[in-house]
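Note sheet for the following structure.
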Number of protein chains: 2
Amino acid sequence: MAEADTRTRILEAARRLFHEQGYGATGVATILREAGVHPGSLYHFFRSKEELLAGLLEYYPSLFAPIVSRPIEAAEKEAVERVFALLAFYRKGLEESGCRLGCPIGNLALEVSDNHPEVRPLLERNFAMWSGTVAGWLARARLRRGTDLDRLARFVLAVMEGAVMQARGAGSLAPFDAAVAELRRHFDLLQERAGASRARRRKR
Amino acid sequence: MAEADTRTRILEAARRLFHEQGYGATGVATILREAGVHPGSLYHFFRSKEELLAGLLEYYPSLFAPIVSRPIEAAEKEAVERVFALLAFYRKGLEESGCRLGCPIGNLALEVSDNHPEVRPLLERNFAMWSGTVAGWLARARLRRGTDLDRLARFVLAVMEGAVMQARGAGSLAPFDAAVAELRRHFDLLQERAGASRARRRKR
DNA sequence: TGCGGACTTGAATGATCGCTCAAGTCCGCG
DNA sequence: CGCGGACTTGAGCGATCATTCAAGTCCGCA
């Protein structure tokens, strides 16, 4: 892990620190220390702190499939349950960090989108990949006629981000669980009279 | 407006600047300039920038009723429509700012909750007041038996915050509208076979 | 008239910010 | 061997950061 190439070490340090403290609150000096790198090296690969952020937002999508979506696809075959496994993934992150660590993209989206408009397309690409994955899963689900899958996937993303935000604000998982439970209800209603058959639901 | 007392002028300047640029990205010097105040005055009322933030989070709830909830209650009598009028309020804020200005509390929640844990209770109080208002409205709605109003209100808040976040990231209202449309569908399903009567729906 | 506390003034502080750059190391290729 | 480009080193830049404080103004009350 320490023998990764310099650029990747910088990105990994920035990823962790931006996630934990935010973009503005993280000084370049801290990134340098954590990455074990000197200023000149960082500024060899990235012209500015802002370009480092852009590099990170281009780096994120390459992590999503191996770390998030593929393990879920391997462990859970049923479409709707995959969505809730994805939410459970974020819940676990909250739980293990005492409701401190949420969605790294979401944090950056709110902090950075105004002051650095040039990263907006990169934020949107991350959101689009996330909701696109969910929409792909849901294509296999039996839902009410007329369900717009992209819209539903955007909705799931909104619920996740809003639920994470409330949990971080409250320092408690309760609002997260409440939002997810209500989302479950929405899916129940969407499946209720979907195809008449196969009301396959889960144990837990 | 300029003749408000000093403490309020500082809070108003901080409110606007934190909303537009975020907490970390806003320098104390900028707040001082916008408020037309000298450093000593600010530090007379607030011991630190962080206490100013806390003061702001205590100040916010006093704005919610007169600016947000009461006008909605006056203009819209039907419970569920009040919820969507509230969402339309945030949509208007996004639209008028080119998808830059979202929910001020949500921004602060993500930026600040980790690094300044002592403001967490204040964030939660703001969220609780928001969702409490929504839950109060929904008490008059005819929804499916077994609907948990607090849970549903937390869900609405999550959708709103997540939808605002996506709109700001994308620089477009489309994801916001998508999430709200799906939330409308959820309410439609909750009302569908609620009390059999009074399926009062709206024109627009 | 004079005292005291609330509030204002504004220069100054040390720390930290993002960033630069000249010098140097290293390695592949001729 | 020798050239050139990729990358590293690390001291140091000016700017800005949040904050301090001694001095001063103002006003209600005695």
Side-chain angles (χ1 to χ4, degrees), chain A residues 1-57 59 107-108 111-119 122, chain B residues 1-57 59 107-108 111-119 122:
Chain A
M1 181 166 291
E3 39 259 66
D5 65 272
T6 305
R7 205 187 114 101
T8 304
R9 285 214 320 281
I10 295 171
L11 283 172
E12 274 298 315
R15 183 184 63 78
R16 217 180 51 254
L17 290 164
F18 288 173
H19 192 190
E20 288 169 359
Q21 324 184 19
Y23 173 76
T26 301
V28 173
T30 312
I31 301 173
L32 297 172
R33 180 163 28 82
E34 294 284 300
V37 151
H38 297 270
S41 293
L42 191 153
Y43 285 93
H44 171 73
F45 292 105
F46 307 98
R47 290 197 205 166
S48 64
K49 187 188 179 187
E50 193 179 329
E51 271 207 7
L52 168 58
L53 171 65
L56 184 61
L57 287 170
Y59 172 60
N107 297 357
L108 294 173
E111 184 180 356
V112 135
S113 63
D114 285 358
N115 310 318
H116 309 270
E118 55 284 359
V119 307
L122 297 171
Chain B
M1 183 169 291
E3 39 257 69
D5 65 272
T6 306
R7 206 188 114 100
T8 304
R9 285 215 321 280
I10 294 171
L11 282 172
E12 274 298 315
R15 184 184 63 77
R16 217 180 51 253
L17 289 164
F18 288 173
H19 193 190
E20 288 169 359
Q21 325 183 21
Y23 173 76
T26 301
V28 172
T30 312
I31 300 173
L32 297 172
R33 179 162 28 83
E34 295 284 301
V37 151
H38 296 270
S41 293
L42 191 153
Y43 285 93
H44 172 74
F45 292 105
F46 307 97
R47 291 197 204 167
S48 64
K49 186 187 179 188
E50 193 179 330
E51 271 207 8
L52 169 58
L53 172 65
L56 184 60
L57 287 171
Y59 172 60
N107 297 358
L108 294 173
E111 183 180 357
V112 135
S113 64
D114 285 359
N115 310 318
H116 309 271
E118 55 284 359
V119 306
L122 298 172

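Each chain gets a letter, A, B and so on, in the order the sequences are listed, and its residues count up from 1.
Two residues are said to be in side-chain contact when any heavy atoms from C-beta on lie closer than 4.5 Å; A/Val112 and A/Asn107 fail this criterion. Side-chain contact between A/Tyr59 and A/Glu12 is present, with heavy atoms from C-beta onward closer than 4.5 Å. The shortest distance between side-chain heavy atoms of A/Phe46 and A/Ile10 falls below 4.5 Å. For the pair B/Leu53/B/Leu122, no side-chain contact is recorded, criterion being any heavy-atom separation below 4.5 Å from C-beta on.
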Donor-acceptor contacts, no H, no angles, side chain residues 22-32 of chain A, under 3.5 Å, sequence neighbours left out:
| from | atom 1 | to | atom 2 | distance (Å) |
| --- | --- | --- | --- | --- |
| A/Tyr23 | OH | A/Glu50 | N | 3.4 |
| A/Thr26 | OG1 | A/Leu17 | O | 3.3 |
| A/Thr26 | OG1 | A/Gly22 | O | 2.6 |

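Between atom NE2 of residue B/His38 and atom CG of residue B/Leu42 there is a gap of 12.0 Å, rounded to the nearest 0.5 Å.
At whole-Å resolution of the value, CG in A/Leu32 and C1' in D/dG12 are 15 Å apart. With rounding to whole Å, A/Arg47 atom CZ is found 14 Å from C/dC21 atom P. If you measure from atom CZ of B/Arg7 to atom C1' of C/dA6, you get 14 Å, rounded to the nearest angstrom. Rounded to a whole Å, the CD1 atom of A/Ile31 is 8 Å from the P atom of C/dG18. Atom CD in A/Glu51 sits about 16 Å away from atom P in C/dG18, given to the nearest Å. Going from atom NE2 of B/His44 over to atom C1' of C/dG5 covers 10 Å, rounded to whole Å. Whole-Å rounding puts the A/Arg33 CZ to D/dG10 P distance at 16 Å. One can place CZ of B/Phe45 at 9 Å from C1' of C/dT8, the figure rounded to the nearest angstrom.
When each of A/Ala29 and A/Ser41 is assigned the nucleotide of DNA chain C with its nearest heavy atom, A/Ala29 is the one assigned upstream, toward the 5' end.
Checking side-chain atoms of A/Arg9 against main-chain N and O of A/Val37 turns up no donor-acceptor pair under 3.5 Å. Not one N or O on the side chain of B/Arg15 forms a donor-acceptor pair closer than 3.5 Å with the backbone of B/Leu56. In this structure, the side chain of B/Asp114 does not engage the main chain of A/Gln21 through any donor-acceptor pair within 3.5 Å.
Here the side chain of B/Lys49 is nearest to one of D/dT19, C/dA6, C/dC19, namely D/dT19.
When the C1' atoms of four end pairs are superposed on the next four at each end of the helix from C/dT1-D/dA30 to C/dG30-D/dC1, using five pairs per end, the two resulting axes differ in direction by 0°, to 10°.
Side-chain N/O atoms of A/Thr6 include none lying less than 4.0 angstrom from OP1 or OP2 on D/dC7. Applying the 4.0 Å criterion to OP1 and OP2 of D/dG10, one finds that A/His38 has a side-chain N or O inside that range. Of the side-chain N and O atoms in B/Tyr43, none sit less than 4.0 angstrom from OP1 or OP2 of D/dT20.
Remark: nothing in residues 12-26 of chain A comes within less than 4.0 Å of DNA chain D through any heavy atom.
At the heavy-atom level, B/Gly40 lies under 4.0 Å from base atoms of the strands shown.
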